[in-house]
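The next block holds one structure in the form of structure tokens; read it before the comments.
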Amino acid sequence: MNLDETAARLGAPVADVERVHRLAGDRPSAPLPARADAPAILDRLAVRPDDAAEIMAGWPDPDSPLWTPELRWLLDRTIALVRADLGGYGWLAPGPELPRDRGPAWRHLYVYAYLALVDVVRAYHRAHGVADAVSWATLADLGRNLAIDRRMRGEGWPVMQAWLTLHVRGSLYELGRLQHHRSDSAIELHIPDAGPLTPEAVSASLDAARAFFPRHFPDERYAAFACGSWLLDPQLREYLPADSNIIRFQRRFELEPYQEPDGPDADVEVLRFVFRTLSTPLDALPRRTVLQRAAVDHLTAGRHWQWRRGRFPI
Ligand SMILES: CC(C)(COP(=O)(O)OP(=O)(O)OC[C@H]1O[C@@H](n2cnc3c(N)ncnc32)[C@H](O)[C@@H]1OP(=O)(O)O)[C@@H](O)C(=O)NCCC(=O)NCCS
């Protein structure tokens with residue numbers, strides 16, 4: 001197989017295609033669910049009807065003309081690449097970014113990979129005694145992300161395609177309000193877009209994690225909860241009331257000193273999570289909530305948001 005040609009046909013950098021080839025090697029892939037079972041599975045994964053219709057329209061049937069040999073190669077090898085790291089918890093790019101406007105096969109290739117890995121990770125969950133309800137609640141982040149990606153007109157997808165490999169490698173668990181991510185020494189917290197972040201819901205989710213990890217991952221020892229987020233930027237205190245959920249969430253954490261970002265650019269992340277757009281000019285963004293007004297006014301004043309990391313003991 002000629003990787004240069006494959007990359008050109010995929011519209012992707014050669015280095016990204018070489019990386020897939022190297023990491024996946026000849027490791028085992030996994031089959032997609034049967035087409036007839038897919039609608040019910042998509043429903044369990046909270047995929048909305050408009051996204052489900054697109055996914056079904058691009059389904060990689062063996063005789064589908066939408067699936068070129070390059071796309072079939074990438075689908076098969078990205079499944080193998082992610083599967084090879086089952087149980088791993090680092091961020092993992094499943095493959096190159098694709099030109100997603102070329103139709104449903106291109107648009108949803110990494111969704112088909114996710115669907116192929118559902119059975120694989122469900123077996124991993126069962127081996128760790130994870131309840132079905134937790135398994136499905138965790139995996140249903142797919143539907144949430146597809147809906148957000150639709151709102152974002154595709155701008156959100158490059159991050160999401162890597163994010164969603166955490167779920168299918170068994171590294172992330174949605175326990176009530178928060179997602180809990182296994183990592184080296186701390187449980188990393190992620191906050192899905194799922195309604196208000198009330199202190200009660202946060203406390204309940206932390207309690208659930210305190211019970212969950214010793215029970216299902218007894219060989220792993222966690223001394224702290226940790227988080228990296230725009231939500232931990234102390235500058236938000238200049239704008240949000242002290243009793244707002246975000247400020248109350250912040251108070252749980254001891255912040256690490258601020259370092260010039262080696263993580264995500266917080267200005268971009270604020271636009272992503274507050275406005276669900278990365279490209280709208282500041283003066284065209286909505287100003288409906290106190291946070292929206294703060295986000296715009298801060299940037300318009302030439303200031304910057306900070307991506308901050310913090311932790312607190314378990
Ligand atoms: C985290 C989150 C649930 C907090 O929402 P919340 O519980 O309503 O937060 P607060 O009580 O602190 O809100 C204070 C104010 O900011 C507004 N606000 C909070 N989050 C907002 C958001 N994402 N977009 C727009 N406005 C928001 C609230 O409406 C409120 O304003 P108002 O009094 O004018 O109505 C919410 O921001 C969210 O869903 N974010 C997306 C996910 C995310 O950012 N995850 C972290 C990724 S690193």
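Residue numbers count from 1 along this sequence. Ligands are counted one by one from 1 in listed order, and the atoms in each one are counted from 1 as well.
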Mode of W307 contact toward ligand 1 - side chain, backbone, both, neither (heavy atoms, under 4.0 Å):
side chain
For atom 3 (C) of ligand 1, which candidate among G228, G195, A294 holds the nearest heavy atom?
G195
Please work out, at 4.0 Å between heavy atoms, whether the side chain, the backbone, both, or neither of L231 comes within that distance of ligand 1.
side chain
Scan the protein's non-hydrogen atoms and note whether one is under 4.0 Å from atom 24 (N) of ligand 1.
yes
With a 4.0 Å cut-off, strictly under, does atom 43 (C) of ligand 1 pick up any protein heavy atom?
yes
So the atoms of ligand 1 within less than 4.0 Å of a heavy atom of Q292 turn out to be 25 (C)
Only one of N245, T289, L291 passes side-chain contact (heavy atoms from CB on, under 4.5 Å) with L240, and that residue is L291
Residue among D267, V159, I148 satisfying side-chain contact (heavy atoms from CB on, under 4.5 Å) with R272:
V159
Check each of S229, P192, P196, S244 against atom 14 (C) of ligand 1 and report the one with the nearest heavy atom.
S244
Aromatic ring pairing H128/Y124, orientation class (parallel under 30°, perpendicular over 60°, tilted between)
tilted
Please check this pair: side chain of T78 against backbone of L74, looking for a donor-acceptor N/O pair closer than 3.5 Å.
no
Aromatic ring proximity, centroids under 6.0 angstrom, Y173 and H216
no
Atom 40 (N) of ligand 1: nearest protein contact (heavy atom, Å):
F273 O, 4.3 Å
For atom 34 (O) of ligand 1, the closest protein heavy atom turns out to be V290 N, 2.9 Å
R177: numbered ligand 1 atoms lying under 4.0 Å from its heavy atoms
3 (C)
Is any N or O atom of W230, backbone or side chain, closer than 3.5 Å to an N or O atom of ligand 1?
yes
Under 3.5 Å side-chain donor-acceptor pair for R44 and S135:
no
Tell me if a side-chain donor or acceptor on Y112 pairs with a main-chain N or O of G58 at a distance below 3.5 Å.
yes
Any side-chain to backbone donor/acceptor pair from S171 onto L166? Under 3.5 Å, distance only.
yes
Checking Q250 side chain against D233 main chain: does a donor-acceptor pair fall under 3.5 Å?
yes
Has ligand 1 got any nitrogen or oxygen that is less than 3.5 angstrom from a nitrogen or oxygen of I191?
yes
In this structure, atom 5 (O) of ligand 1 is nearest to the protein heavy atom L197 N, 4.4 Å
Which is closest to atom 4 (C) of ligand 1 in terms of heavy atoms, T289, D193, I246, L236?
I246
Salt bridge R48-E54, side-chain N to carboxylate O under 4.0 Å
no
Among all protein heavy atoms in this structure, tell me which lies nearest to atom 22 (C) of ligand 1, with the distance rounded to 0.1 Å.
L291 CD2, 3.9 Å
Looking at ligand 1, would Q250 count as a contact under a 4.0 Å heavy-atom criterion?
no
Identity and separation of the nearest protein heavy atom to atom 11 (O) of ligand 1
N245 N, 3.0 Å
Over 60° means perpendicular and under 30° means parallel, so tell me whether F312 and F225 are parallel, tilted or perpendicular.
tilted
